[in-house]
Protein chains: 2
Amino acid sequence: MSVGIRHDDLRRRNRAMVIAAVRRAGRPSRTEIAATTGLSHSTISAISSDLIGEGILAEGKPSEVGSLKRGRPQVGLGLNPEAATVMTVVLSLNFLSVAVIDYAGQVISEEQRRLDTLTMSREALIGECTAIVRRRLADPDIDVRSVARIALAIQGITDTEARAMLWSPITPQTDIAFADILEAEFGIPATMENDCNMMAVALRWRDPERYRDDFIAILLSHGIGMGLVLKGELFTGTHSSGGEFGHMIHRPGGALCRCGRRGCVEAYAGNYAIWRNARQLGEDTEPVDVSDADMRTLAATARERAGPEREAYRKAGEALGYGLGSLFALIDPAPVAMVGVSAAAFDLIEPALREAIAQTAGGQHSKSISFDTEPNELPLIREGCAMRALTFVDQEIFAPGVQGRAGSGKNVA
Amino acid sequence: MSVGIRHDDLRRRNRAMVIAAVRRAGRPSRTEIAATTGLSHSTISAISSDLIGEGILAEGKPSEVGSLKRGRPQVGLGLNPEAATVMTVVLSLNFLSVAVIDYAGQVISEEQRRLDTLTMSREALIGECTAIVRRRLADPDIDVRSVARIALAIQGITDTEARAMLWSPITPQTDIAFADILEAEFGIPATMENDCNMMAVALRWRDPERYRDDFIAILLSHGIGMGLVLKGELFTGTHSSGGEFGHMIHRPGGALCRCGRRGCVEAYAGNYAIWRNARQLGEDTEPVDVSDADMRTLAATARERAGPEREAYRKAGEALGYGLGSLFALIDPAPVAMVGVSAAAFDLIEPALREAIAQTAGGQHSKSISFDTEPNELPLIREGCAMRALTFVDQEIFAPGVQGRAGSGKNVA
DNA sequence: GTATTTTTTTTGAGGCTCGAAAAAATAGAG
DNA sequence: CTCTATTTTTTCGAGCCTCAAAAAAAATAC
């Protein structure tokens, strides 16, 4: 039941709007902000003067803008890097990476660590995460009190409230409420996000021209993941992070998937699936983790000569194509970004993928669907986490108000 | 790029909120409205006094509430039936149905007509629609000037802007901009909606307890359609009405679908698919339209004895189950309403459906997924149309404001 | 008939945005 | 070097809107 708008919500929302405009535009002048937000100059003047007074925004030096026009020069407004910091924690297979980022988005401290996530106990996994966060907070460059938010990302399923990891392929452990644990430990608000959703968030910041209102980010790696932005909002399931594209059914009763079921898209297109098809091990072979190096060798072989390797990539393309076709039947076609090690082999995947997609309802415009590839997912995930955490600070801390529980806002991508 | 909130938007939004509260609650008192909207009594008093003055709301007679408590009795506020009227036009296979509905939601005039939609020319189809609308407008009970909106619904694909039918199984014609045509003809704002979306809207009004934020309405008829509400909003594709659940791929390269492709869910679960499987005609047999009576006989036979009829329903259940499983992988399970003539045979479909769904990622909680059936889709569609048109009047006419182009608002279900 | 209770309206205060006017800061002209 | 044109930013008063508190209204209970 949506609730009426209070008078004081007005200021809050318009403050948030100004901050968002500055974050998007970089160093806009007050006049530019007035134009993009549609508010009057007087309002922008009042709000930005407040924000500067509070140390959230900072005026750029007048010299910075090489003003060629005459008239009073515009003075650029930027985010004050010292207004706050956020922390990102990305947990992936055998790898833990942490960064501290200032309010303007610059990395100011980071640390990475190899772990054996697949065999670690629940306690060890949690312990490693809290320990690495603690070490970063102890960094002399960091003012602990400035850290306003921690955003974790993990491959796998998280809950809608972004509190817990429910299931992940990188560990046999389930249902770890990382967000609650870190919050309790450090007293800093935290969220636990799905890695592919963060990829989507990052793409939107990186290339807003291409990835604006509707697009899809697909992770082609050990598993198949998806981040989906629809109508400018991150799409999540109703109970979980959702978008389990990899586990849509491609062939009922088909190949064995890592999730234990049969016929999922991932059981044909995940690294382990491509691997076992290339090695002709049979579709019931237990999934194994394949190194990135081995996958690159496999791709090279497939490019070199026809054979089971090439056929394995074809099958992957077919599964992805039919899966995307079914997805497009529901949401209409949209730009797709293929991310992860197998995205580097997209040339091997694409023909079969396009052929399959053309057989489906979503494939009517299959020619016009465009794919982009990005072999390295980690930087994207971290960047998405950072933006997520920063927009949280923008909204919930620097433009606070009632408006429901904290964190229950829209999924602004 | 979202836009700042102007000062005058405030009133507009809160007016809309009050109207919406009254439409939902029936005859709430001012105090009740204050409670549900979260606005102060003074504000509600001011707004409702405006609305009464404008003839949008009307105070109920004090006697109506059998007040047992002491104190000043609450006076119920209701929608003034004479504030406006809307018209619904439902175009389905061989059938055209029109109704005029007052602002409080009561039908005040209606007309139905059999047509041969499959063979009619484009002009004839448009002509029948405009003619029936013209006749209703000529009804002496109707004040033409009060008609504030026409909502059409049709089975098939419509565009996101709700202006045109892009493709429909009930006619070989494509791309008819019904909304524009009726608007030009009568000067009344019109929309062209997808029938299954309207079913979903209606379900939400009929049973808000069960169908609140997330649910699915599936039409089991000649074709398979779907209306989807997610997070309280009607889900549409980015370009078209979307949610073409019936054309998700069940078996790549499988049975021939009415849409010309192969292996769609509909090619196993549409009436024609069940029919040809029951008659053992082979999966490539050209789809034919089967009468509701024939379908009922088929279902009766299937219930009576094992055989191809029963097997046909099993296959339908399997296709629907895998399709729902894939859908649930994306959006998480939600309550499902099965609507249409084959929903009356849901007992034959359900076992295989549940078995299939249990094989999928969305099927982890397959036991808890609940299905409701409603054999008659037409009343639902009309009701949904009516509510859609009425909420348009609530928002765009009785609480007008800038806030982007008309009709570009949220998909409030 | 008076007290009590509950709903609704009235009133005054405080905030917010807006438009217009003023102030500030520069480039160009002479 | 001064003056003018131009553009950006701030200031100021007006007009709304919501809110809290008080007042008024309308019933029941005793």
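Just so we're on the same page: letters track the sequence lines, and every chain starts at 1.
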Original post:
How far apart are the C-alpha atoms of B:K231 and A:E233, what are their side-chain angles, what is the distance that settles it, and do they pass the salt bridge (charged side-chain N to carboxylate O under 4.0 Å, His left out) test?
Top reply: CA-CA 12 Å; B:K231 295 173 187 152; A:E233 248 181 76; over 6 Å; no
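- Close to D:dC19, at under 4.0 Å from its OP1 or OP2, lies a side-chain N or O of A:R6.
- The side chain of B:S40 lies closest to D:dC19 when the candidates are D:dC19, D:dT9, C:dT6.
- No donor-acceptor distance shorter than 3.5 angstrom exists from the side chain of A:S45 to the backbone of A:H41, with no hydrogens or angles considered.
- Annotation: side chain of B:I397 is in contact with side chain of B:F392 (closest heavy-atom distance under 4.5 Å).
- Put simply, CE on B:M17 is 12 Å from P on D:dT18, counting in whole angstrom units.
- Here the P atom of nucleotide D:dA27 and the CZ atom of B:R72 are 8 Å apart, to the nearest Å.
- Closest approach to the A:R70 side chain among C:dT6, D:dT6, D:dT11 is made by D:dT6 (side chain taken as heavy atoms from C-beta onward).
- Regarding B:I5, its CD1 atom lies at a distance of 11 Å from the P atom of C:dC18, rounded to whole Å.
- Of the candidates D:dT8, C:dC18, D:dT10, the closest approach to any side-chain atom of A:Q74 belongs to D:dT8.
- Between B:L39 and A:E32, the one whose closest nucleotide on DNA chain D sits nearer the 5' end is A:E32.
- Here the nucleotide nearest the side chain of B:S45, chosen from C:dT17, D:dT9, C:dT9, is C:dT9.
- Checking C:dT11, D:dT9, D:dC12 against the side-chain heavy atoms of A:S42 singles out D:dC12 as nearest.
- As rounded to whole Å, 15 Å separates atom C1' of D:dT11 from atom NE2 of A:H41.
- Taking atom CG of residue B:D50 and atom P of nucleotide C:dT9, one finds them 11 Å apart after rounding to whole Å.
- Each of A:L79, A:N80, A:I108 was compared with A:D102 under the side-chain contact (heavy atoms from CB on, under 4.5 Å) criterion, and only A:I108 meets it.
- Counting distance only, with no hydrogens placed and no angle test, the side-chain atoms of B:H7 and the base atoms of D:dG15 include a donor-acceptor pair under 3.5 Å.
- Between B:N14 and the phosphate of D:dT18, there is a side-chain N or O to OP1/OP2 separation shorter than 4.0 Å.
- No donor-acceptor pair under 3.5 Å is formed between the side chain of B:D207 and the backbone N or O of B:Y211.
- Closest contact between the side chain of B:R11 and the listed nucleotides C:dC18, D:dA20, D:dC17 involves D:dC17.
- Protein atom CD1 of A:I44 is 15 Å distant from nucleotide atom C1' of C:dG19, rounded to whole Å.
- Nearest heavy-atom pair, B:R12 versus B:Q395, reported as atom, atom and distance to 0.1 Å: NH2-O, 4.0 Å.
- B:R30 has its CZ atom 19 Å from the P atom of C:dT6, to the nearest Å.
- Picking from C:dT10, D:dT18, C:dT7 the nucleotide with the shortest atom distance to the side chain of B:I47 gives D:dT18.
- Here C:dT17 is the nucleotide among D:dT18, C:dT17, D:dT9 with the atom lying nearest to any side-chain atom of A:T43.
- You'll find that the side chain of A:T31 is closest to D:dT8, out of D:dT18, D:dT8, C:dA25.
- One can place CZ of B:R13 at 20 Å from P of D:dC16, the figure rounded to the nearest angstrom.
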